[in-house]
Amino acid sequence: MSAKVDFKKEIEAYGARKGRFDLVEVPPLQYLMIDGHGDPNTSPAFTTAVEALYPLAYRLKFASRREHDRDYTVMPLEGLWWADDQASFTSSRDKSAWHWTLMIMQPEWIDHGMFADAVEEASAKNRDVRGVRLETLDEGLSAQTLHVGTYDEEAPVLAKMHDEFIPAHGMRLTGTHHEIYFSDPRRGDPAKRRTLLRQPVRPIS
């Protein structure tokens, strides 16, 4: 079997630095995705969504080893976040107004046939994986940084990204706010959580 791949190290767009904003080109990537709405701290749908993604992610990893002789590290949880009012993420932090898509990145050789088999296997084990899909996301040019701290401390970082860094580089926001959770929120000190914050952008002109 070939050496295990860690895509966090292989894909440049998964690298970010605390205290610095960068513009990066994010390649098209495919993900397991599931949609939802509401406060992630209190919404049962959020927990259910997370619990739907991981059984499929691990089944696909094992299928990759079995069918393609290729092993890889299961990627971290990611989330796309949006709301009708952008202030819900910065000044007001009204989490009840948030919409989200939770995701786990998949290698390009994971196809829809493998995905369908994984869904069938998980369902046979009484795993609720309804609503999960395999889909490609093409974000392209994006601004990003590494945030270290609690999720509620993201607000001033996002405000600086949206209101200062992006306009100063002749860009405008497009697409959806994207977070990559390098730290498991169920473990460790919340003050040390590492989260990549990404915002797709386009030139104003």
Note to self: If I take atom CZ from residue F21 and atom CG from residue L146, how far apart are they, to the nearest 0.5 angstrom?
What the structure shows: 11.0 Å
Next item on the list: Report yes if the side chains of D22 and R17 come closer than 4.5 Å at any heavy-atom pair, otherwise no.
Entry: yes
Note to self: Distance check, rounded to the nearest 0.5 Å: F7 atom CZ versus M105 atom CE?
What the structure shows: 5.0 Å
Check: side-chain hydrogen bond (donor to acceptor under 3.5 Å, both in side chains) with T101: which residues, sequence neighbours excluded?
Finding: D35
Margin query: For F115, give me all partners under ring pair (Phe, Tyr, Trp, His ring centres under 6.0 Å), at least two apart in sequence or on another chain.
Written below: none
Check: Does a sphere of radius 6.0 Å around CD in E120 hold more than 12 heavy atoms from other residues, nucleotides or ligands, not counting ones at 6.0 Å or beyond?
Finding: no
Notebook entry, point to check: Between CD of E78 and CG of L196, what distance do you get to the nearest 0.5 Å?
Noted result: 8.5 Å
Note to self: Is there a side-chain contact (heavy atoms from CB on, under 4.5 Å) between L173 and H162? Walk through the geometry before answering.
What the structure shows: CA-CA 7 Å; L173 280 66; H162 294 171; 3.8 Å; yes
Note to self: Would you compute the distance between atom CD of Q144 and atom CD1 of I180 and round it to the nearest 0.5 angstrom?
What the structure shows: 6.5 Å
Note to self: Taking the side chain as everything from C-beta on, heavy atoms only, tell me whether I104 gets closer than 4.5 Å to M75.
What the structure shows: yes
Item checked: For the student: nearest non-hydrogen atoms of S142 and V26, plus distance -> OG-CG2, 3.8 Å
Next item on the list: Output the distance between atom CD (E179) and atom CH2 (W100), rounded to the nearest 0.5 Å.
Entry: 13.5 Å
Notebook entry, point to check: Is it true that atom CD of E25 has more than 12 heavy atoms of other residues, nucleotides or ligands lying nearer than 6.0 Å?
Noted result: yes
Notebook entry, point to check: How far apart are the C-alpha atoms of H177 and M161, what are their side-chain angles, what is the distance that settles it, and do they pass the side-chain contact (heavy atoms from CB on, under 4.5 Å) test?
Noted result: CA-CA 11 Å; H177 172 66; M161 178 189 286; 5.9 Å; no
Margin query: Can you tell me how far apart CG (L23) and NE2 (H169) are? Round to the nearest 0.5 Å.
Written below: 5.5 Å
Notebook entry, point to check: Does the pair I166 and R172 meet the rule for a side-chain contact (heavy atoms from CB on, under 4.5 Å), with working shown?
Noted result: CA-CA 6 Å; I166 292 174; R172 60 180 176 84; 5.6 Å; no
Counting only pairs under 3.5 Å, give me each side-chain donor-acceptor contact of residues 51-60, with atom names and distances, residues two or more places apart or in other chains.
| unit_1 | atom_1 | unit_2 | atom_2 | d |
| --- | --- | --- | --- | --- |
| R59 | NH1 | P55 | O | 3.4 |

